[in-house]
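Working notes, beginning with the structure itself.
Each chain gets a letter, A, B and so on, in the order its sequence line appears, and its residues count up from 1. Keep in mind that the numbers below use all heavy atoms, side chains included, and drop hydrogens, waters and symmetry copies. Just so you know, these numbers come straight off a predicted model, no measurement behind them.
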2 protein chains.
Amino acid sequence: MKTYKLIIADDHKMFLDGLLSILEHKEDYEIILTANNGKNVAKYLDINSDEDINLVITDVNMPELNGVELNKHIKAKHPHVKTLVVSMLHDALTVQTLTKDNVDGYVPKNAEKEELLTAIETILKGEKYFSQSIKDVYLKGMFSNEQTLMESISKREKEVLKLIAEEFTTQEIADQLFLSKHTIESYRKNLISKLEVRNLAGLTKYAIKLGLLD
Amino acid sequence: MKTYKLIIADDHKMFLDGLLSILEHKEDYEIILTANNGKNVAKYLDINSDEDINLVITDVNMPELNGVELNKHIKAKHPHVKTLVVSMLHDALTVQTLTKDNVDGYVPKNAEKEELLTAIETILKGEKYFSQSIKDVYLKGMFSNEQTLMESISKREKEVLKLIAEEFTTQEIADQLFLSKHTIESYRKNLISKLEVRNLAGLTKYAIKLGLLD
DNA sequence: TATAAACTCCCTGTAAACAGGGTGCTTTTA
DNA sequence: TAAAAGCACCCTGTTTACAGGGAGTTTATA
């Protein structure tokens, strides 16, 4: 019987313990590493790229390097390593980003442990596994136009939006970004129009929705 | 050796499984009930009040009845039952509400399982147990003036704040509340001053923080 | 290499927000 | 029963935001 090598990343130690206790008396899984952030996992993979890790199980919200970024890194640098996200239910955008980055599966933390085991097995067989609730979120996102809006906001616009939501005035933002006051006014105007809001209050809410603030 | 009767409430089944696997091979703990919301726990306690449950371990974020409300209910109706919150790190206000409602302990989910066991033992001995990080949050809340600010906002001010965050202009708010435009301007001014923010963006963030929006 | 998208900047107005005062009335509570 | 807090309103300014245009340059991409 083949033994699979696993890495688990989650900053909730108790949850990690739970996962471990579920997996450790399965003889076909060997936990090579546990980490409380994504960076350590990325580092480990970069250094020990000869060791054939089969699967990385990761949370989304983690310090240093979050699950979305970790998945992206893995798929770019170590495409043979499978990835399974086990996390709270996230917004459609997160799920979409993950799938676009070729994640192999997503199971919410409120799933039964049996489902987790099924997901792991399925992924190790080379297939994808997404819980129904994740598929729902994804589809909901596809047919609402929210993420279409989100995608239509450029990097620079997001930068300005963030500063607006941080209560800086147009002039202050211009100074910070070494741009003309007129430019920032244009950005604000476009954002108000694109996001279909009326004023700073609406922009601020969107900035929060987009996760631009801490 | 005495056996203690425990109830665990958490809507993340996998976390629940983890907790169970940590506790179930401890012979002095008997898990009477697990639930994925607070309501079922409250119901169980209300009906089986003769059965002497020693401790309820609960998450904060749960459907139906959250951990804060559950704790309040338990301490009001079943004061002999100890309560331990195991949850993500929460804001100072949540921690303060819990302590005000006489919760017996709070351990964050990223704690080691040893700390959880220590917390349980300590509480069952009749003492309180709060992780250092929780104490930090609490103290930070005490010495920051955030919740003092929250309390200093009157009902009318909250009403105006909500409408501001909903992107209505001063005139529109005045019309809705049948007040003078000047009055609304005064409220906005006072809110900006009280909440120590600079503009609509800051007010909007506070409205969200205070839970005035959906 | 076109063509679109993003980025940058500018103009003219008007409307709204922001700053810093003040008044009087009512309700709560120490 | 005073004092304090909340409520509603008013005034004079200044600053900023908002509305609705235009236009050139760079960058990515089909």
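Mapping B:Tyr187 and A:Phe168 onto DNA chain D by nearest heavy atom places B:Tyr187 at the nucleotide closer to the 5' end. DNA chain C is contacted by both B:Val197 and A:Glu185; A:Glu185 maps to the nucleotide lying nearer its 5′ end (nearest heavy atom per residue). Judged by closest nucleotide on DNA chain C, B:Arg198 is the one of B:Arg198 and B:Lys189 placed further toward the 5' end.
Residue-level contact check: B:Ser186 touches the bases, meaning some heavy atom is under 4.0 Å from a base atom. Across all strands shown, A:Lys181 has no heavy atoms under 4.0 Å from either base or sugar-phosphate atoms.
In this structure the side chain of A:Val68 reaches within 4.5 angstrom of the side chain of A:Leu98, judged on heavy atoms.
The local environment of NZ in B:Lys72 is sparse, with at most 12 non-hydrogen atoms from other residues, nucleotides or ligands closer than 6.0 Å.
Between B:Ser154 and D:dG6 there is no side-chain N or O to OP1 or OP2 distance below 4.0 Å. For A:Thr183, a side-chain nitrogen or oxygen approaches OP1 or OP2 of C:dC9 to under 4.0 Å.
Here the C1' atom of nucleotide D:dC18 and the CD1 atom of A:Ile164 are 12 Å apart, to the nearest Å. Between the CD atom of A:Gln171 and the P atom of C:dC9 there is a distance of 12 Å, rounded to whole Å. Rounded to whole angstrom, the span from the CD1 atom of A:Ile184 across to the P atom of C:dC7 amounts to 12 Å. Put simply, CG on B:Leu191 is 16 Å from P on C:dG20, counting in whole angstrom units. Note: CD (A:Glu196) to P (D:dC18) measures 16 Å, nearest angstrom. Between A:Arg188 atom CZ and C:dT8 atom P there is a gap of 16 Å when expressed in whole angstrom units. In this structure, B:Leu177 atom CG and D:dG6 atom P are separated by 18 Å, rounded to whole Å. In this entry the distance linking CG of A:Asn190 with C1' of C:dA5 reads 12 Å, nearest Å.
Comparing C:dC7, C:dC11, D:dC10 by their nearest atom to the side chain of A:Arg156 picks out C:dC7. Of the candidates D:dA17, C:dC7, C:dA17, D:dA17 carries the atom nearest the A:Thr169 side chain, counting heavy atoms from C-beta on. Here C:dC11 is the nucleotide among D:dC18, C:dC11, C:dA19 with the atom lying nearest to any side-chain atom of A:His182.
Looking at A:Glu64 and A:Lys43, no side-chain N of the basic residue comes within less than 4.0 Å of a carboxylate O on the acidic one, giving no salt bridge. For A:Lys39 and A:Asp46, the salt-bridge test fails: no basic side-chain N is under 4.0 Å from an acidic carboxylate O. Salt bridge present: B:Lys194 and B:Glu157 bring a charged side-chain N and a carboxylate O closer than 4.0 Å.
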